[in-house]
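Heads up: the structure comes next, in structure tokens.
Here is how names work: the chains are called A, B, and so on, in the same order as the sequence lines, proteins then strands, and each is numbered from 1.
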There are 2 protein chains.
Amino acid sequence: MSETDVIERLGAFSERELWTAKGFCRIERALDVVGTRSAMLVVRELFYGGTRFDELARRTNLSEAVVASRLKQLHADGIVERRPYQEEGQRTRDEYVLTDRGRGLFPIVVALIQWGEGLKDDHRTGVELVHRDCDAPLSAQVRCEKGHEVPLDQAAVRLKDEKYVTALRSRARKPR
Amino acid sequence: MSETDVIERLGAFSERELWTAKGFCRIERALDVVGTRSAMLVVRELFYGGTRFDELARRTNLSEAVVASRLKQLHADGIVERRPYQEEGQRTRDEYVLTDRGRGLFPIVVALIQWGEGLKDDHRTGVELVHRDCDAPLSAQVRCEKGHEVPLDQAAVRLKDEKYVTALRSRARKPR
DNA sequence: CACCTGACTATGTTTTTGCCAAGTCAGGGT
DNA sequence: ACCCTGACTTGGCAAAAACATAGTCAGGTG
């Protein structure tokens, strides 16, 4: 196993003692939104075509209170929108539909399912995700905008605004 | 917005009233392992090259008790391995290194960072992930094994073992 | 042997997440 | 007007996650 089997840190903070993504990396914001088990299960069912409150509750096996709470939060975060619908002879209800922002979670959902499927250390029989047109299995792959498939040892990270971070750190050191 | 902007359900359970991935989809297993905020933050720092206990604690801003507990669990789940190391004049300690299984989380981490970066609704300045060789930004893309880039409306899912599920459901209906 | 200190562990507490049961509310139907 | 019922909301509770503080332990060093 190589020492490069990590994302290389670039820029002024590349040194291990200086590096911090804490407070800068927006994975934390992503985890604010979909970082609970229940939120992710609701999102999964939205991707599997669930739209109605009762079917989201049934499929996730979460309590109605939790499903209602997660949907409210996902709506507030712009992940779903409410759309009125009406079956004949019944009153108008809302269905929940993924927004553009919500559909942006697609690689995350696929990546989690794919990784989980690789474990095979539980009782579950699993699902398979496929490309409908050719029936080939799906996976989430890390690529760059040039189209290269990028293995972990060719990945790098830098803080977007190092000047800002430098200034922050200078201020943080003073009142000690 | 099209009704196909979801993963199409295939197979015997494609009907919305029958569909359930609950108990079959291994996203739940993935969430068992990395489904807490603290686990994901520790995994992030492992990808950013953190290996030592104290630097993982510093970078994640989690309490030492939580970092210790998460590392123990990640070790038990085969995500990291402990490797002894020794700096001169100091005693032997363990460092934590991602295993193959742990590196398999790479698309998940990239997908979460990428999605979070797209939000831009917080104070964070963000990080950028790049392909070191060409400096082009990274993203997690959903592709099939034939190499096609698969948009959401061309994705489909089926339960792997429908016979088993059918049998389960038959048994579950009896004692009502 | 005594001491230092990094890596935990233990305990109690706080916060967050999730559950259950009961309740509210509003849109249709009668 | 009354009733039904789907979609929540509320309150209390339990479990899980995380924190703070103090403690333990063991590998080095002097």
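- Salt bridge B:Glu87/B:Arg93: present, at least one basic N to carboxylate O contact under 4.0 Å.
- When the shell of 6.0 Å around NZ of A:Lys163 is examined, it contains 12 or fewer heavy atoms from other residues, nucleotides or ligands.
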Kindly give the atom pairs (protein nitrogen or oxygen, nucleotide nitrogen or oxygen) under 3.5 Å for nucleotides 10-14 of chain D.
none

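- B:Glu64 has its CD atom 11 Å from the C1' atom of D:dA20, to the nearest Å.
- B:Leu74 has its CG atom 13 Å from the P atom of D:dA17, to the nearest Å.
- With a cut-off of 3.5 Å on both pairing distances, the Watson-Crick and G-U wobble pairs of DNA chain D assemble into stems of 3 or more at C:1-30 with D:1-30.
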Interface polar pairs with nucleotides 28-30 of chain D, N/O, under 3.5 angstrom:
| residue | atom | partner | partner atom | Å |
| --- | --- | --- | --- | --- |
| D:dG28 | OP1 | B:Thr92 | N | 2.2 |
| D:dG28 | OP1 | B:Thr92 | OG1 | 2.6 |

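- Of the listed nucleotides (D:dC8, D:dA7, D:dA17), D:dA17 has the atom at the smallest distance from the side chain of B:Ser38.
- For the pair A:Tyr164 and A:Leu159, the minimum side-chain heavy-atom distance is 4.5 Å or more.
- With salt bridges taken as basic N to acidic carboxylate O contacts below 4.0 Å, none links A:Asp153 and B:Arg103.
- At a threshold of 4.0 angstrom between heavy atoms, the contacts of A:Arg70 are confined to the sugar-phosphate backbone, with no base atom among them.
- In this structure, A:Tyr85 shares a hydrophobic cluster with no other residue, the cluster being traced through Ile, Leu, Val, Met, Phe, Trp and Tyr side chains under 4.5 angstrom apart.
- Salt-bridge check for A:Arg124 with A:Asp122: passed, with a basic side-chain N closer than 4.0 Å to an acidic carboxylate O.
- A distance of 4.5 Å separates SG of B:Cys25 from CZ of A:Arg44, quoted to the nearest 0.5 Å.
- You can see that DNA chain C meets the heavy atoms of chain A within a 4.0 Å-exclusive cut from C:dT17 to C:dG29, reading 5' to 3'.
- By the 4.5 Å heavy-atom criterion applied to side chains, A:Trp19 and A:Val157 are counted as neighbours.
- For the pair B:His131/A:Val142, no side-chain contact is recorded, criterion being any heavy-atom separation below 4.5 Å from C-beta on.
- What separates CZ of A:Arg37 from P of D:dA16 is a distance of 11 Å, to the nearest Å.
- Counting to the nearest Å, the C1' atom of D:dA16 and the CG atom of B:Asp32 are 13 Å from each other.
- Residue pairs meeting the salt bridge (Lys or Arg N to Asp or Glu O under 4.0 Å) criterion with at least one member in residues 56-76 of chain A, sequence neighbours excluded: A:Glu45-A:Arg59, A:Glu55-A:Arg59.
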Apply the test side-chain contact (heavy atoms from CB on, under 4.5 Å) to residues B:Glu117 and B:Glu128: give CA-CA distance (whole Å), side-chain angles for both, the deciding distance (0.1 Å), then the verdict.
CA-CA 9 Å; B:Glu117 286 298 324; B:Glu128 56 181 347; over 6 Å; no
Decide side-chain contact (heavy atoms from CB on, under 4.5 Å) for B:Ile108 and B:Met40; before the verdict, give the C-alpha distance in whole Å, the side-chain angles of both, and the deciding distance to 0.1 Å.
CA-CA 10 Å; B:Ile108 295 171; B:Met40 192 55 75; 4.2 Å; yes
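- For A:Asp94 and D:dC8, the CG to P distance is 7 Å, given to the nearest whole Å.
- The local environment of CD in A:Gln86 is crowded, with over 12 non-hydrogen atoms from other residues, nucleotides or ligands closer than 6.0 Å.
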